[in-house]
A.B. asks: 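Here it is, the structure, as structure tokens.
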Amino acid sequence: MNDELSTIELRAAWLRNKLNQANREYYSLDDPTLLDSDYDRYFQELIDIEQQYPELKNDDSPTQRVGSEPLASFERVAHSSPMLSLNNAIDAIDMQQYDRRIRNLLNKSSSDITYFAEPKFDGLAISLRYINRILVQAATRGDGHAGEQVTENIRTVRSIPLVLSKHAPKNLEVRGEVVMMKRDFNDLNRRQIDSGEKVFANPRNAAAGSLRQLDSKITATRKLSFFAYDLEEFGVESSKIKSQYDLSSCVKEYGFSTSGLSNLVHGLAGIQQFFDHLHKTRSELDYEIDGVVYKVNEIADQQKLGFVSRAPRYAIAYKFAPQEEITRLTDIEIQVGRTGALTPVARLEPVRVGGVVVSNATLHNEDEIIRKQIKIGDYVIVRRAGDVIPEVVRPVLERRANVKDFAMPSSCPECGGSVFKATDESVYRCKSGMRCRAQKAQAIWHFCSRKAMNIDGVGEKLIDQLVENEFIESFADLYELKEEKLITLDRLGQQSAMNICESIFNSRATTFNRFIYALGIRNVGEHTAKDLAFHFKTLEGLKAAVEDTLIEVPDVGPIVAKSIRDYFDDSYNNQVIDRLMRLGVHWRVSEQSIKSNALTKKTFVMTGRLEKLSRDEARYEIECRGGAITGAVSKNVDYVILGFKPGSKLKKANELGIKTLDESEFITLLELNDE
Ligand code: IVH
């Protein structure tokens with residue numbers, strides 16, 4: 001090989017190593033040291049080299065995460081040892097019996113067993129094989145003995161290392177769960193809707209659908225994540241791993257992400273306490289879990305306990321109460337939303353699902369009812385996942401009897417106005433706009449809500465009364481409401497009327513982004529409103545923007561751009577906006593021109609794991625306030641945010657005298673500098 005090539009080869013190897021290490025730091029240690037901009041620069045350099053010298057392309061190169069040629073089918077591969085399932089405990093009694101059995105089998109009947117407690121991830125089990133520390137094969141669980149080879153797809157998952165850290169043994173197999181984060185799931189479904197593709201029922205299905213793509217380029221566009229929970233080493237005489245706790249620390253050290261919520265617990269009391277805590281906080285997690293897995297911590301004990309048929313005796317899954325139940329759908333009613341959408345809602349015989357009584361569930365639209373083949377009178381499976389709105393999954397066809405077909409009404413059930421269905425939409429809409437009482441009340445309610453004009457004391461009930469009595473017709477009428485008029489309403493005293501008028505009056509001083517959001521433009525949520533305010537700076541600019549200009553704003557696609565244009569092309573909307581301005585609604589120029597505040601131009605470093613915010617959320621919050629995030633602590637850094645186990649960056653920050661913030665101080669800072 002000539003000299004030039006060997007220099008380039010060395011450089012390529014250096015780049016691969018640097019990028020892989022940065023990835024590991026980001027995903028498993030939560031403590032990146034490389035600046036994003038440097039990462040991008042090195043990445044581009046490596047792509048350039050590999051393009052020019054394809055012979056230097058390599059399986060462990062981070063450039064290989066983009067997917068490759070589509071496959072005709074998946075190859076079946078045998079697992080080195082069976083991928084087992086877990087026995088379940090469905091309540092505290094099951095768990096008590098399990099713990100007693102374990103104590104007896106281990107001859108420790110009167111002492112507490114130490115268990116390693118870990119969330120039960122609701123995803124797909126995957127086995128990853130590394131040889132010489134390089135990922136060579138990934139397989140699904142399949143029937144437990146053999147699964148499908150999905151290596152190309154797995155390579156696109158950023159939290160799966162393509163190369164293990166130097167601490168790892170050369171050859172090993174790691175098992176864990178591929179999941180889709182709730183946020184990525186919602187983003188994906190939004191994109192699917194925008195492009196007229198099918199919507200996934202839950203993050204698990206979306207993860208499965210994404211991983212089972214024959215075209216890994218499609219998988220590369222789906223954000224998947226991986227949590228490691230099991231490890232097998234080959235050709236190692238005696239492992240240094242003596243407990244499940246060690247195992248979890250080791251896989252992390254090798255470069256994998258682990259749950260971060262796992263912990264040791266002692267005895268039955270510890271089991272229940274951990275379970276209750278996770279059950280309570282489940283909805284706040286970034287990913288879905290369906291229980292807790294308890295594993296006897298000592299590996300020696302695990303070996304003593306052995307296996308029962310297809311599950312290990314040393315582990316058990318303590319499942320959360322089911323989130324699906326069967327009940328009867330007694331009727332389908334129509335609700336009219338703020339934007340005039342007619343939404344069919346299922347009335348259900350009340351049933352307890354996931355700890356809450358459910359008697360209504362949205363059916364989204366007519367297409368959904370047709371697709372799911374739901375009829376009035378059907379027994380249906382109802383699902384309620386965490387804080388997610390209850391959903392009708394499907395009818396139980398075996399129990400179908402005396403059912404009636406459902407048909408969308410031809411006029412609006414609220415105002416009797418005519419109804420239309422746009423050709424490219426699945427929703428029917430009432431044409432009456434603000435002339436329809438239901439739309440009017442909801443639009444006004446949205447206008448007053450906390451994230452919009454934030455008018456204290458003006459809730460749904462009051463607005464219903466105001467609309468019912470024809471005291472208000474539009475947002476602008478709110479600002480002309482008089483105390484004398486308010487006290488004529490039911491149960492409203494002088495003092496409350498005064499307070500309400502004062503909140504309305506005070507709400508006139510707002511911010512541009514709140515105002516945009518408050519208008520209730522279809523498809524413009526809080527984030528888009530912020531982006532629009534930031535991009536256009538002035539109301540005049542936004543009002544005048546054509547669709548081509550609008551799509552330059554991050555996350556604004558053609559559909560959103562059209563909704564915005566349609567909104568400002570409507571003369572009624574413009575009249576209301578003009579009146580609002582005349583009545584004194586205003587925002588400060590500084591907030592109008594830039595999201596400027598104490599965070600503007602400030603540089604932050606994050607170290608350790610945050611509890612309430614993910615790293616990406618924290619970054620988003622900082623960036624939309626004009627701040628920046630960097631990887632390394634230097635004298636140019638203004639704040640270091642300390643998460644759990646902050647590590648060496650804290651020391652460095654102290655040495656340089658840089659201000660540190662714990663998570664709650666950081667959140668306070670964000671709140672004080674809203675938008
Ligand atoms: S340990 C020997 N730990 O649950 C069994 N499994 O119902 C190794 N799962 O197939 C499994 N989270 O896909 C383990 N923290 C966790 C898990 C977990 C989810 C899945 C896994 C397994 C299934 C069994």
Side-chain angles (χ1 to χ4, degrees), residues 79-90 94-95 98 102 115-128 138-148 150 154 157 159-160 172-181 202-205 207-208 211-212 224-233 241 243-252 256-265 271 274-275 277-279 282 285-299 301-320 322-323 385:
H79 298 304
S80 57
S81 63
M83 286 182 78
L84 301 169
S85 58
L86 291 170
N87 287 323
N88 291 334
I90 57 156
D94 276 3
M95 237 10 252
Y98 175 78
I102 295 295
Y115 295 96
F116 185 73
E118 196 168 42
K120 187 170 187 310
F121 306 104
D122 200 3
L124 286 92
I126 291 287
S127 162
L128 307 170
T140 62
R141 178 167 181 269
D143 62 6
H145 297 284
E148 286 174 328
V150 287
I154 281 295
V157 180
S159 53
I160 293 181
L172 90 168
E173 196 166 312
V174 170
R175 290 176 180 174
E177 205 88 348
V178 167
V179 300
M180 189 176 278
M181 296 291 177
N202 54 51
R204 211 191 92 84
N205 285 2
L211 205 58
R212 294 203 71 264
L224 295 172
S225 303
F226 178 78
F227 292 103
Y229 52 64
D230 203 7
L231 178 66
E232 266 173 71
E233 302 177 40
I241 298 172
S243 67
Q244 196 69 37
Y245 184 90
D246 288 352
L247 185 150
S248 181
S249 323
C250 279
V251 281
K252 202 167 161 152
F256 293 92
S257 29
T258 51
S259 125
L261 299 166
S262 312
N263 220 336
L264 291 177
V265 300
I271 287 179
F274 188 94
F275 179 86
H277 176 72
L278 214 54
H279 193 209
R282 160 190 206 184
L285 298 183
D286 292 339
Y287 46 88
E288 290 204 333
I289 61 173
D290 56 349
V292 180
V293 181
Y294 293 95
K295 300 169 188 171
V296 172
N297 188 42
E298 296 297 325
I299 305 280
D301 287 344
Q302 292 187 358
Q303 281 160 351
K304 264 186 236 159
L305 289 164
F307 300 87
V308 246
S309 65
R310 299 185 55 207
R313 206 179 260 119
Y314 64 78
I316 191 153
Y318 188 177
K319 301 283 286 279
F320 295 144
Q323 298 191 304

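When a ligand or atom number is given, it counts from 1 through the structure's own listing order. Only heavy atoms go into these numbers, but all of them, side chains included; no hydrogens, no water, no symmetry mates.
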A.B. asks: For F227 together with Y287, are the ring centres under 6.0 Å from each other?
C.D. replies: yes
A.B. asks: Tell me, which protein residue and heavy-atom name are nearest atom 10 (O) of ligand 1, and how many Å apart are they?
C.D. replies: L84 O, 3.6 Å
A.B. asks: With a 3.5 Å cut-off and no angle check, do the side chains of Q244 and Q302 form a donor-acceptor pair?
C.D. replies: yes
A.B. asks: Whether the S80 and E173 side chains hold a donor-acceptor pair (N or O, under 3.5 Å, no angle test) is what I'd like checked.
C.D. replies: yes
A.B. asks: Indicate yes or no: at least one non-hydrogen side-chain atom of E148 is less than 4.5 angstrom from one of R212.
C.D. replies: yes
A.B. asks: Compute the shortest N/O to N/O distance between E118 and ligand 1 and return yes if it is under 3.5 Å, no if not.
C.D. replies: yes
A.B. asks: Under 4.0 Å from a heavy atom of P312: which atoms of ligand 1 are those, numbered in the order shown and with their elements?
C.D. replies: 2 (C)
A.B. asks: Is there a side-chain contact between E288 and V179 (heavy atoms, below 4.5 Å)?
C.D. replies: no
A.B. asks: Quick check: does V293 get an N/O under 3.5 Å from an N/O on ligand 1?
C.D. replies: no
A.B. asks: Would a 4.5 Å heavy-atom cut-off, applied to side chains only, mark I154 and L224 as touching?
C.D. replies: no
A.B. asks: Could you tell me whether ligand 1 has any atom less than 4.0 Å away from a heavy atom of A311?
C.D. replies: no
A.B. asks: Which residue and atom name correspond to the protein heavy atom nearest atom 4 (O) of ligand 1, and how close is it?
C.D. replies: K120 NZ, 3.2 Å
A.B. asks: Just so I know, are the side chains of L211 and I126 near enough to count as touching, which here means a heavy-atom distance under 4.5 Å?
C.D. replies: yes
A.B. asks: Which residue supplies the protein heavy atom nearest to atom 11 (C) of ligand 1, what is that atom called, and how far is it?
C.D. replies: Y229 CE1, 3.7 Å
A.B. asks: Would you mind finding which of F227, F121, Y294, F307 brings a heavy atom closest to atom 12 (N) of ligand 1?
C.D. replies: F121
A.B. asks: Starting from atom 24 (C) of ligand 1, what is the nearest protein heavy atom, named by residue and atom, and what distance separates them?
C.D. replies: L86 N, 3.5 Å
A.B. asks: For K295, is at least one N or O under 3.5 Å away from an N or O on ligand 1?
C.D. replies: yes
A.B. asks: Does D230 offer a backbone N or O that forms a donor-acceptor pair with the side chain of R175 under 3.5 Å?
C.D. replies: no
A.B. asks: Given side-chain contact (heavy atoms from CB on, under 4.5 Å), test F116 with L264 step by step and report yes or no.
C.D. replies: CA-CA 5 Å; F116 185 73; L264 291 177; 3.8 Å; yes
A.B. asks: Using heavy atoms and a threshold below 4.0 Å, how should the contact between P119 and ligand 1 be classified: side chain, backbone, both, or neither?
C.D. replies: backbone
A.B. asks: Do me a favour and list the nearest non-hydrogen protein atom to atom 20 (C) of ligand 1 with residue, atom name and distance?
C.D. replies: E177 OE1, 3.5 Å
A.B. asks: Work out whether the distance between some heavy atom of M83 and some atom of ligand 1 is less than 4.0 Å.
C.D. replies: no
